[in-house]
Amino acid sequence: KTDRLRRFTVTIKPWRETGEHVVLATQSEAYYRDRLGTSRDIWTETVVNEIHRISGREVVICHKPEAKTSGNAAVHPDFEQALVGAWAMVVHSSSAAVKAMIEGIPVIALGDSMVGTLGHRDLSGLLNPLLPPDRERWLRVLSYNQWTFPEMMAGVAWRHMQDQAALGRDPRPTLVL
């Protein structure tokens, strides 16, 4: 099925095979505190240091809007601008990774993520990022696991899950490429 993906008018760009910097897209402070037992600043500094050690590349940090502070890398307030010239993106589990994949920027997801099956799961992948061939298939699956509020209110999401269950399929989002 591709009808749902077409509604989003997504244009998948070719894989980027050059770039100067690594974009580090972070979650909220509460996410790091509650899920990882640390602060966003400590997590960010640790990851930035590892990116520098492994790749030697500049790191551009894109924090969620509630805070724009960090240790030893420039914090970039404009996410779209940060993607310009990016070699790769590193996330823990940010949805920003979906935008990077669409833009042709390889992603490394260090935690549970919608892009986890499409790239490396550790920073050593910065040296040779994965460029999976079928991002459109992944986006089709993803599009059937993301619902708008009006769709939920109208029961569209519920009917889809019931249909999947009736076919003996697990309606939760899974995709292995």
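Atom set for the values below is all heavy atoms of this structure, side chains included, hydrogens, waters and symmetry mates excluded. Owing to the predicted nature of the structure, the values given are computational and were not obtained by experimental measurement.
- Contact of the Glu136 side chain with the Asp134 side chain is registered, since non-hydrogen atoms from C-beta on lie closer than 4.5 Å.
- Residues Asp163 and His160 have side chains not in contact (no heavy-atom distance under 4.5 Å, counting atoms from C-beta outward).
- In the hydrophobic clustering of this structure, Ile61 does not group with Val84; members are Ile, Leu, Val, Met, Phe, Trp, Tyr whose side-chain heavy atoms approach within less than 4.5 Å, directly or through other members.
- Not a single donor-acceptor pair under 3.5 Å links the side chain of Arg57 to the backbone N or O of His52.
- A distance of 14.0 Å separates NE2 of His92 from CZ of Arg40, quoted to the nearest 0.5 Å.
- At a threshold of 4.5 Å between non-hydrogen side-chain atoms, the residues Leu139 and Val98 count as touching.
- The backbone N or O of Met114 lies less than 3.5 Å from a partner atom in the side chain of Trp138, making a donor-acceptor pair.
- Annotation: Asp112, atom CG; neighbour count of heavy atoms from other residues, nucleotides and ligands within 6.0 Å does not exceed 12.
- Side chain of Thr44 to backbone of Asp41: no donor-acceptor contact under 3.5 angstrom is found.
- Met101 approaches Val107 most closely through the heavy-atom pair CE-CB, 3.9 Å.
- Residues Leu36 and Val48 share a hydrophobic cluster, clusters being chains of Ile/Leu/Val/Met/Phe/Trp/Tyr side chains in contact below 4.5 Å.
- Using bins of under 30°, 30° to 60° and over 60° for the plane-to-plane angle, the ring pair Tyr32/Trp43 lands in the tilted bin.
- Here the side chain of Gln27 pairs a donor or acceptor atom with the backbone of Ser93 at under 3.5 angstrom.
- To the nearest 0.5 Å, atom CE of residue Met89 and atom NE2 of residue His21 are 8.5 Å apart.
- Ile54 approaches Ser124 most closely through the heavy-atom pair CD1-N, 4.0 Å.
- Between Glu29 and Arg33 there is no salt bridge, since none of the side-chain N atoms of the basic residue sits less than 4.0 Å from a carboxylate O of the acidic one.
- Between Ile108 atom CD1 and Leu118 atom CG the span is 12.5 Å, to the nearest 0.5 Å.
- Of all heavy-atom pairs spanning Ile102 and Arg135, the tightest one is O-NH1, 4.0 Å.
- Inter-residue side-chain proximity for Val90 and Val59 is flagged as unmet; no heavy-atom pair is nearer than 4.5 Å.
- Taking all atoms of both residues into account, the shortest heavy-atom contact from Trp15 to Pro132 is NE1-O, 2.9 Å.
- Residues Glu17 and Leu131 form a side-chain contact, since some pair of their non-hydrogen atoms from C-beta on lies under 4.5 Å apart.
- By the 4.5 Å heavy-atom criterion applied to side chains, Pro106 and Trp87 are not counted as neighbours.
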